[in-house]
Amino acid sequence: MTTPKEITATEQLLDLIRTSPAPPTDETNWQESDTNCLSGLCLEGFTLDLDSNPQEENSPPTLVLTPETPSPPVTTESSEEVESTAETIPLKEIPSPSFTEAPKQTLLQSSTSTMLSTLQRLRPMSKTTVAVDIQPGVIHLVKSQRDKHGHSILACQSVPHETIQDSSTQDLFDFPPFKAVLFKALSEIANPPASHEIWCSYAYCNPVTLHNISIPKVTDKEIANAVFWSAKRELEFDETSTLFDYSILQESTEDNQNKIQVLVCLVPLYEVKGVQSMFHDAGFPLTGLTFPAAATQNFINQDLSIPIDKPVAYFTIRKHNSFIDIYYKGKMFFSREIKTGIESFVESLQEQASQHNILIDEENVFDYLFLPYTASGKSNRVSPEVLALLNLDEMAVIDRLSRQLMRTFEYCSTTFKIPPVCKIFTSGEHTVNKPVLKAIEYRANIPCAVLEPFSNQSIHRAIGGANATGPHLLVATGLSLSEKQTTANFLFTHADRLEERTSNRINSVIAIATICLTIGCGIFFSLQYKQLLNKRSTAEALRTELANRYQVEPRSRSNDYTNQSIQKISQFHQENKLKVDRFKTVIMIRELTKKTSPEITFTDLTLELDPKANESRIQQNVQSQGLIQLNGYINAPPEEQEFFLMNFLKSLASLDLLGEPDLQSKEVTRLNGKSVLLFEINLKTTLNSLEPQSS
């Protein structure tokens, strides 16, 4: 016989869960027995027990692995044969499980898979959500997938756990046996965790407190601040230790003032942080944490058979109390806690039975008033003789519950100015049967029905079997339909959603502006490029036309080509010099006129050049020489005529272009009745200053 093995550190519990391998892909072995389950804390051939009575008083509790024989599969075909504390749906009914063991990868395969996973994140993919609904003694898990065709339920499971009586949420999540059961179930249904969104409903231990308040109508940017300070003044909560969230219901008019009706949610912050930290440390980070009424709201909005334009009521019964929720236009308007619970039903039925001298225990009460499924998992039938003596119409608890429902409906219609409730629904761990609903319907005069999660035509079921039809899975099913932007989420409050929506709006504007700017720049540059191509084609056409019109003969780079070039340059230079000589006479006349006074008038100017001298000058590069003959007269008084002539000769002698003047003749005569002095002067010139400078 094998001796028990002890694990002396309970802290190793979660490490064992994290390091356990993935469950096999064979769907027949998913939850067939503890001996075939290789994930979580179940090892082959052993069972897990918690030793709560250690030998030493201060010693830590120990976990004992005891060998046992394999047990048969757990089924839920008959409520009389079930001995477990909760319902479990075998995985052998699931045709397409999504739980596969990850193979070992090489470095190249790992990098390739990382790139593929990154690309897969960029493209739209179907979302898989795992919902965890924690109830007294049982944990419900529902796995759903959303794609373009809608929601599909892939798997559901109910796992029993040990219950801590009268404990807080923090105490429950610090209880090692509960954590072991929870994360063992999660490792089976949400493997790998990175490919699933995990939502959890707030535990039943400390219900979330909901309050209705009204604030003055303000702008959208001021709503968050107005709601917070109004709730702070009316509810007097500590914002440092309380998580504050809210949802906008509708606008109304109170005392001739426009108001905004708001539903405020308050929950202890340390419990929210504790739950989030526990899931994160176990390797299953939470996407959302909400309360059961919000999950029910998701299911009601998804069910097309439930009207949206009229209010509907939903009540769920718990051990010590019950909750009544009012939904209208896709929102939960009101939530109320009443003291009518399971204990009230038990006491009322036992009191009626005692009047007929009948003793009836609590388990038989469930068979008479509630659906077969219960938290205890046991069902004992009441004899027909006893049933004949009991009358639902005489039960005070049903009358009290009906009156509380009607008062709640009247209060909501008066406060929120909404139509009357058109239908009443119920479900949960303790769901009353049809006779009780008929009695409530008769007293309230409103149709009543039980919400069956998998009878909703909007949800496509991918699992088989008729076992997964219990109303106890309603919260888990509604939780699996959660959306981060629409479902109340303690990890992502309404203020966070507004901030993200604003950021997304700003990012969208920036993206649109960037796209428009990019398109504008692209159009501008395309036009510029088109114009550039047109100019290039025009330039090429002009170049072709010039090449065709002015063809240049190719020349060889030889000595002959160099000599020809030198001769052409010299010839061009000589031609330019000859052109300059043609204007020398004009230049000389200009110089003469500058030195001539107004009293002197020229009658004739003759320039004589020797042709032979010009030819020799061109050939021998010598300076040209010539003779200028000036004829004119001086119109001045006779006594001053000689004076003007001398000054004129002196001026001619100072010119650089001319040589010494030679007075050939002078004669006094009369012209037009006036005495004038005629003269003739010869000048020699070389015109040195007009010759081009030698380089």
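Basis for what follows: all heavy atoms, side chains included, without hydrogens, waters or symmetry-related copies. What you see is a predicted model; the values in this text were computed from it and never measured.
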Begin with the C-alpha distance, continue with both residues' side-chain angles, and end with the deciding distance and a verdict on side chain to side chain contact (heavy atoms under 4.5 Å, CB included) for Leu286 and Leu491. CA-CA 8 Å; Leu286 285 177; Leu491 309 181; 3.8 Å; yes
Centroid separation under 6.0 Å, is that true for the rings of Phe333 and Tyr327? no
CD1 of Ile134 to CG of Leu182, rounded to nearest 0.5 Å, is 5.5 Å
Distance only, no hydrogens: is a donor on one side chain within 3.5 Å (strictly under) of an acceptor on the other, for Ser201 and Asp133? yes
Any idea how Phe237 and Phe244 line up, ring-wise: parallel (<30°), tilted (30 to 60°), or perpendicular (>60°)? parallel
Where do Ala488 and Trp199 come nearest, in terms of heavy atoms and distance? O-CZ3, 4.2 Å
Do you know the tightest heavy-atom contact between Val159 and Ala185? CG2-CB, 3.9 Å
Determine, stepwise, if the pair Gln485 / Arg501 fulfils side chain to side chain contact (heavy atoms under 4.5 Å, CB included). CA-CA 9 Å; Gln485 287 292 345; Arg501 196 176 298 119; 3.9 Å; yes
Does a side chain donor of either Ser144 or His151 reach within less than 3.5 Å of an acceptor in the other side chain? no
Measure the spacing between CZ of Phe291 and CG of Asp245 and express it to the nearest 0.5 Å. 8.0 Å
For Ile248, does its backbone N or O pair with a side-chain atom of Lys331 as donor and acceptor, under 3.5 Å? yes
Within the 4.5 Å heavy-atom criterion, are Val267 and Thr209 side-chain neighbours or not? no
Can you check whether Glu239 reaches Phe228 side chain to side chain, under 4.5 Å on heavy atoms? yes
Which atom pair, heavy atoms only, marks the closest approach of Phe299 to Leu481? CA-CD1, 4.3 Å
Shortest non-hydrogen contact from Thr316 to Gly428? OG1-CA, 4.3 Å
Can you find a heavy atom in the side chain of Asn433 that is under 4.5 Å from one in the side chain of Leu371? yes
Would you sort out whether Thr477 and Phe454 count as a side chain to side chain contact (heavy atoms under 4.5 Å, CB included), showing the intermediate values? CA-CA 8 Å; Thr477 304; Phe454 301 123; 4.0 Å; yes
With no hydrogens and no angle check, do the side chains of Tyr246 and Thr493 hold a donor and an acceptor under 3.5 Å apart? no
pair Ile306-Leu451: side-chain heavy atoms closer than 4.5 Å: yes
Nearest 0.5 Å, please: how far is CD1 in Ile198 from OG1 in Thr128? 11.5 Å
Rounded to the nearest 0.5 Å, how far apart are NE2 of His196 and OG1 of Thr129? 9.0 Å
Glu499 and His494: side-chain donor and acceptor closer than 3.5 Å? no
Using a distance-only test with no angle check, is there a side-chain donor-acceptor pair under 3.5 angstrom linking Thr487 and Asn298? yes
Could you report the tightest heavy-atom contact between Cys265 and Val208, atom names first, then the distance? SG-CG1, 3.2 Å
What one should report as the nearest heavy-atom pair of Val132 and Leu479 is O-CD2, 3.5 Å
Within the 4.5 Å heavy-atom criterion, are Tyr314 and Gln297 side-chain neighbours or not? no
Would you please indicate yes or no on a ring centroid separation below 6.0 angstrom for Phe323 and Phe315? no
I'd like to check Leu473 versus Ser158 (side-chain heavy atoms, cut-off strictly below 4.5 Å). Are they in contact? yes
Taking the basic N atoms (NZ, or NE/NH1/NH2) and the acidic carboxylate oxygens, is any pair closer than 4.0 Å for Arg146 and Glu483? yes
In the structure I gave you, are the side-chain heavy atoms of Leu289 and Gln276 within less than 4.5 Å of one another anywhere? no
Run Met332 and Ile326 through side chain to side chain contact (heavy atoms under 4.5 Å, CB included) and show every step you take. CA-CA 6 Å; Met332 186 179 69; Ile326 307 297; over 6 Å; no
Would you give the length of the straight line joining atom CZ of Phe490 to atom CD of Glu271, rounded to the nearest 0.5 angstrom? 10.5 Å
Picking from Gln135, His140, Arg318, what satisfies side chain to side chain donor-acceptor pair (under 3.5 Å) with Glu429? His140
Just by distance, no angles: are the side chains of His430 and Lys319 close enough, under 3.5 Å, to form a donor-acceptor pair? no
For the residue pair Leu243 and Leu266, establish whether any side-chain heavy-atom pair is separated by less than 4.5 Å. no
Taking Phe492's backbone N and O only, do any of them form a donor-acceptor pair with Arg497's side chain (distance below 3.5 Å, no angle check)? yes
Roughly how far, to the nearest 0.5 Å, is CZ of Phe334 from CG of Leu210? 9.5 Å
Return yes if some donor-acceptor pair links the side-chain N/O of Ser195 with the main-chain N/O of Pro192 below 3.5 Å, else return no. yes
